Amino acid sequence: MPLTLHDTLTREARVVRALDGGTLKFYCCGPTVYGPAHIGNFRTFVVQDVFRRVVERDGTATLHVRNITDVDDKTIRDSQKAGLSLADFTRHWTEKFHADCAALNLLPPHVEPGAVAHIPHQIRMIEKLIAKGHAYATSGGVYFKVSSFPQYGRLSHLEDREIKLGASTAATDSDEYDKDSLSDFALWKARKPEDGANFWRSPWGEGRPGWHLECSAMSLEYLGEDFDVHSGGVDLVFPHHENEIAQSCCATHGRFAHHWFHVAHLMVDGGKMSKSQGNLYTLEDLANRGYTPEEVRYVLISGHYRAPLNFTFHSLDAARHALQKMARFQKSALERLAIHSVEPSGPGPFASAWETLNHDLNTPGCLGEVFTTLNRLKPAHLSDSEIVEALGGLRFILQALGLKLPELKEDTATDVPTEVATLAARRWEAKKNKDWAAADILRKEIESAGWIVKDGKDAYELTRK
RNA sequence: GGCGAGGUAGCAAAGUGGUAAUGCACUGGUCUGCAAAACCGGUAUGCGCGGGUUCAAUUCCCGCCCUCGCCUCCA
């Protein structure tokens, strides 16, 4: 089943296939490691992960490269604030990023190159660009000459991009006054005092590479001049990806990426996430409120990747119940067969969910189809082999989505206050004696103490209100 | 101002030229001493607004309104 995916450049859905007929080469712009990634960042990475899983389940191997930006203004600034070397500082946040990725069940990329380790590659690319007349050196660094690349602006659909007065203050307060044109962007930045020890040698003096260049250099190194799919958040369309295209196409004879895949932003309570509004959440923030990474992942794929997704705590609660609903089906079906697990098979009865997923990575539509199918399947009326097929199909879809189902154990509280425990024990006695009036009074007392009793067949359970 | 993405039930979110999936919430029922859980049902004459095309539009076309994003180093 071929996966179709919207292409930012052509603005149409195109079939995803490997250029070389074998391995799909996939580049993702990774995080800048100067702090914990927030769930908005992870929306992009989770969607990219689903993409990869679908491609692989469609029978195409992938070569997935995702970079780590470990040198830029922010990493330098914050490492100095922290009193750490840039390397120690970025290593710490890279490790944190990896831990979060693992918690979210993201497949690790096959290659995860860092910018600092690829400075020689970036220097070589600058040399090529200068030699071909696409870049020039000044006292402030080396700049890409945008006017030398007529196709500049095609991706963001603004061919003649003009700087609007007032649209940016960078033009006036920047140290890049020595550029030929305001549109030109830095390939190499000359060393500044505030860079501290963070500079490298180059034919143009000491300094550091510009941000856009690393992705061009590293994708060239690991994927070649032409590769299949390039992905990132929508905010990277301009200028980052536009600049990458310019650098790469001018430095090589290739076409660079053949398919552009951009993920829309995550909103919080209807607005942009930002530190100043206090609505910027990390996995840790959500864990502190009792939400699991699986629930976060579910929320992040509960909207189509090209539409803004509004994140709320209500949506996390909804995710919890939705996952439990799937888990209940799985549990009761497994119990009927008296087995513990079933290997994922093909999609089986979940074919419609799989088909929907392959249509421009429609994850919310896919989840809807999963539940529609689940609601139709009545384990009591199915044969053993039909149940095995259904369980295998469900596992197949869940693995494509990267979702893990929760354990359905009731979490019995262990920190019940003695007086509440005593009340509950007395109520149980009253209940056994069919003294309903006393039992009801005791239930009320337990509730006013902040606890809820749930009766089972031959035991009861206490949970916090 | 330019460009892009959106506006579908209380919330979230699919989808389609032929009359609206799904999850949560709510609600009726079964079950239960009563609850809870579970299970079985119900809940948008309507898809931002106004025109147009069509036998038929939420879906196509035109205009408008609103939201969000980007406009030089934000996923």
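On a predicted model such as this, the values are computed, not experimentally measured, just so you know. Below, chains carry the letters A, B, ... as their sequence lines are ordered, and counting in each starts from 1.
Side-chain N/O atoms of A:N375 include none lying less than 4.0 angstrom from OP1 or OP2 on B:A21. Put simply, A:R11 has no side-chain N or O that comes within less than 4.0 Å of OP1 or OP2 on B:A5. Distances shorter than 4.0 Å separate some side-chain N or O of A:N362 from OP1 or OP2 on B:G15. Between A:R443 and B:A35, a side-chain N or O to OP1/OP2 separation shorter than 4.0 Å is absent. The side chain of A:K378 contributes an N or O atom lying less than 4.0 Å from OP1 or OP2 of B:C40. Here A:R320 does not reach the OP1 or OP2 of B:C24: none of its side-chain N or O atoms lies under 4.0 Å away. A close approach under 4.0 Å does occur between a side-chain nitrogen or oxygen of A:K325 and OP1 or OP2 of B:G23.
Taking a pair to require two hydrogen-bonding distances under 3.5 Å in either a Watson-Crick or a G-U wobble arrangement, B:G4 pairs with B:C68. B:U22 is paired with B:A12 under the criterion used here, namely a Watson-Crick or G-U wobble arrangement in which both key atom distances are under 3.5 Å. Base pairing annotation: B:U32 forms no Watson-Crick or G-U wobble pair, as no partner gives both donor-acceptor distances under 3.5 Å.
Note on A:S315: nothing from the nucleic acid sits closer than 4.0 angstrom, heavy atoms only. Across all strands shown, A:G40 has heavy atoms under 4.0 Å from base atoms, whether or not it also approaches the sugar-phosphate.
Here the closest non-hydrogen pair linking A:H64 and A:C28 is NE2-SG, 3.5 Å.
For the pair A:Y298 OH and B:G23 P, the computed distance is 8 Å after rounding to whole Å.
Distance noted for atom C1' between B:C26 and B:U43: 8 Å (whole Å). One P atom belongs to B:C65, the other to B:C49, and the distance between them is 15 Å to the nearest Å.
Comparing A:G233 and A:Q324 against RNA chain B, the residue whose closest nucleotide sits nearer the 5' end is A:Q324.
Side chain of A:L266, nearest nucleotide from B:A75, B:U22, B:C24: B:A75. Picking from B:C24, B:C71, B:U22 the nucleotide with the shortest atom distance to the side chain of A:H314 gives B:C24. Relative to the side chain of A:D440, the nucleotides B:A14, B:C34, B:A75 differ in distance, and B:C34 lies closest.
Not a single donor-acceptor pair, N or O on each side, falls under 3.5 Å between the base of B:C11 and the side chain of A:N310.
Classified by interplanar angle (parallel below 30°, tilted 30° to 60°, perpendicular above 60°), the ring pair A:F396/A:W354 is perpendicular.
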